[in-house]
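This report concerns only the one structure given below.
Chain letters run A, B, ... following the sequence lines, proteins first, then strands; residues in each count from 1. The structure presented is a predicted model; accordingly, all values stated were derived computationally and were not measured.
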Amino acid sequence: MPELPEVETVRRQLEPLIAGRQVLGFGVMPGAERLMRGRSAPEVDAQLNGRTFTSVTRRGKYLGLNLDNGQVVVVHLRMTGSLRFRASGHEEEAFTRAAFDLDGGDQLRFVDVRKFGTIDLVERMEEALPELGPEPLSDEFTVDALWHALRGRQIAIKAALLDQANIAGIGNIYADEALFLSRLNPEAPAGSLRPAERRELHAAIRRVLEDGVAHGGASFRDYTDVDGAEGEQQYFVRVFRRTDEPCDDCDATIRRIVVGGRATHFCPKCQPVRHRNRQVKSTRPRRAGGTLKPR
DNA sequence: CGTTACCTGAAA
DNA sequence: TTTCAGGTAACG
């Protein structure tokens, strides 16, 4: 559920709460063992015991809880996971799947209804990460970097934005919002974007993610921050989960379709299907524009 | 490449 | 009762 802005919100809150705190124990609740991806909780507990958290980093939707010996606890919240920092004596919330006991009795809890989230303990963060594209809020994310990921590809631009190997951290909310801001149809082939459209999409991605962070993330369903509080970004979305509502910009009715297996929301008037350049004679399908160079 | 599985609860 | 869900890996 959490995308880059939600994960970054957690990172910012969590770092000052756990930096300098010592781990006295770690445990996984019965029935939730899979979140350790095959590693045994007692073994991880033994490795963590006595270690101290130093900082919290983020890569895409992954969090790295850094330890004083260089090791990293890598957390992915997937759909419904959340990390909660709770003071000593706080009652246990439902769906707590794992917990770190900190010095002083405070707890860092991993709460996750659907049990899709994961926790890894590794020597270096990269060991726990799949192939990830550039960080969209970093300097390495340029229009050229975006185009490098899209050029020559026939898949829908929406699906391309969700592929973490292209750009790290975009999920279903921010993909729809970025496409709305850049007025691109979600089903347009990724490699068909013209130069001006690439620049607009690049700027839109930056903008929606920055807005999301500024509003503390979006809480449509399960997302809550480290205190259990909701974000505000859901009040600012332009199309996401606004099916049948009027578009803010043109009053047309927002539609919901499925692209790449995911619900996709867009304004059919602001984000029209772009026709291939019509050719009167030829019935042979043309490549849908774009520069077709090998990747 | 698109589709299915992984889980569970809330909403339709 | 059925459908849907901020994600991703494993299918075919």
Side-chain angles (χ1 to χ4, degrees), chain A residues 1-11 28-38 58-63 74-83 93-98 110-120 128-133 136 150 152-179 186-187 189-191 205 208-209 211-213 215-225 230-244 256-265 288 295:
Chain A
M1 122 272 146
E3 310 180 28
L4 185 154
E6 290 74 34
V7 178
E8 177 61 20
T9 299
V10 170
R11 190 201 71 72
V28 174
M29 309 302 288
E33 295 81 5
R34 282 180 39 138
L35 98 174
M36 298 303 296
R37 310 230 239 145
R58 181 189 58 74
R59 176 80 173 95
K61 300 171 190 172
Y62 292 81
L63 281 171
V74 180
V75 177
H76 196 302
L77 303 173
R78 291 290 180 96
M79 293 289 267
T80 57
S82 65
L83 285 170
E93 43 259 282
F95 311 114
T96 298
R97 307 303 186 188
F110 183 77
V111 178
D112 184 7
V113 170
R114 292 175 73 179
K115 301 198 278 195
F116 291 166
T118 57
I119 298 176
D120 278 286
L129 305 181
E131 186 193 347
L132 294 175
L150 303 181
R153 310 215 26 207
Q154 285 290 115
I155 59 165
I157 184 66
K158 164 76 184 268
L161 293 182
L162 292 177
D163 186 342
Q164 303 297 295
N166 291 152
I167 307 164
I170 299 176
N172 215 26
I173 300 174
Y174 298 94
D176 282 2
E177 294 297 305
L179 290 171
E187 298 187 283
I205 289 168
V208 298
L209 295 175
D211 280 2
V213 173
H215 290 129
S219 296
F220 279 95
R221 211 185 177 96
D222 302 285
Y223 169 72
T224 57
D225 68 14
E230 298 192 339
E232 306 288 330
Q233 180 63 16
Q234 65 277 20
Y235 304 123
F236 297 90
V237 294
R238 311 293 300 276
V239 289
F240 187 77
R241 290 211 202 161
R242 293 186 59 185
T243 311
D244 294 335
R256 178 190 183 279
I257 58 175
V258 175
V259 180
R262 309 296 303 280
T264 297
H265 314 76
R295 298 191 63 212

Tabulated below should be each protein N or O lying under 3.5 Å from an N or O of nucleotides 8-12 of chain B; please produce it.
from: dT8(B); atom 1: OP1; to: Lys115(A); atom 2: NZ; distance (Å): 2.8
from: dG9(B); atom 1: N2; to: Arg221(A); atom 2: NH2; distance (Å): 2.7

Inset, instruction - Report the distance from atom CG of Leu35(A) to atom CD1 of Ile119(A), rounding to the nearest 0.5 Å. - result: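 Leu35(A) atom CG to Ile119(A) atom CD1 measures 4.5 Å (nearest 0.5 Å).
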[options]: which one has an atom nearest the side-chain heavy atoms of [X]?
| X | options | value |
| --- | --- | --- |
| Lys61(A) | dC1(B), dG7(C), dA5(C) | dG7(C) |
| Arg34(A) | dA9(C), dC6(B), dG7(C) | dC6(B) |
| Tyr62(A) | dA5(C), dG7(C), dA9(C) | dA9(C) |

Are any of [X]'s side-chain N or O atoms less than 4.0 Å away from OP1 or OP2 of [N]?
| X | N | result |
| --- | --- | --- |
| Gln164(A) | dG7(C) | no |
| His76(A) | dG7(C) | no |
| Arg78(A) | dC7(B) | no |

Inset, instruction - Verify the stacking flag for Phe116(A) against dC7(B): centroid separation must be under 5.5 angstrom and the ring planes must differ by under 30 degrees. - result: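 No; centroid distance or tilt outside limits.
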Legend entry - P-based separation of dC7(B) from dT1(C) [nearest Å]: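 Pairwise P distance, dT1(C) against dC7(B), rounds to 22 Å.
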Measure from [atom1] on [X] to [atom2] on [N] and round the result to the nearest Å.
| X | N | atom1 | atom2 | result |
| --- | --- | --- | --- | --- |
| His265(A) | dC4(C) | NE2 | P | 11 Å |
| Glu131(A) | dA10(C) | CD | C1' | 17 Å |
| Arg256(A) | dC4(C) | CZ | C1' | 8 Å |
| Asp112(A) | dG7(C) | CG | P | 13 Å |
| Glu187(A) | dG2(B) | CD | P | 11 Å |
| Phe220(A) | dG7(C) | CZ | P | 12 Å |
| Leu129(A) | dA9(C) | CG | P | 10 Å |
| Asn172(A) | dA5(C) | CG | P | 8 Å |

Note, [X] side chain near [Y] side chain (heavy atom, < 4.5 Å):
| X | Y | value |
| --- | --- | --- |
| Lys158(A) | Asp176(A) | yes |
| Pro136(A) | Leu4(A) | yes |
| Val75(A) | Tyr62(A) | no |
| Phe95(A) | Thr80(A) | no |
| Glu6(A) | Tyr174(A) | yes |

Please classify the nucleic acid contact of [X] as base, sugar-phosphate, or nothing, using heavy-atom distances under 4.0 Å.
| X | result |
| --- | --- |
| Ala159(A) | nothing |
| Gly171(A) | sugar-phosphate |
| Arg241(A) | base |
| Phe240(A) | sugar-phosphate |

On a heavy-atom basis, which atom in [X] and which in [Y] lie closest, and how many Å separate them?
| X | Y | answer |
| --- | --- | --- |
| Asp211(A) | Gln233(A) | O-OE1, 3.3 Å |
| Met29(A) | Thr96(A) | CG-O, 3.0 Å |
| Leu161(A) | Ile170(A) | O-CB, 3.5 Å |

Legend entry - Charged N-O contact under 4.0 Å between Arg37(A) and Asp120(A):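 Answer for the salt bridge query: yes.
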Inset, instruction - Note every stem involving DNA chain B: at least three consecutive Watson-Crick or G-U wobble pairs, i with j then i+1 with j-1, with both distances under 3.5 Å. - result: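 In DNA chain B, stems of three or more pairs: B:1-6 with C:7-12, B:8-12 with C:1-5.
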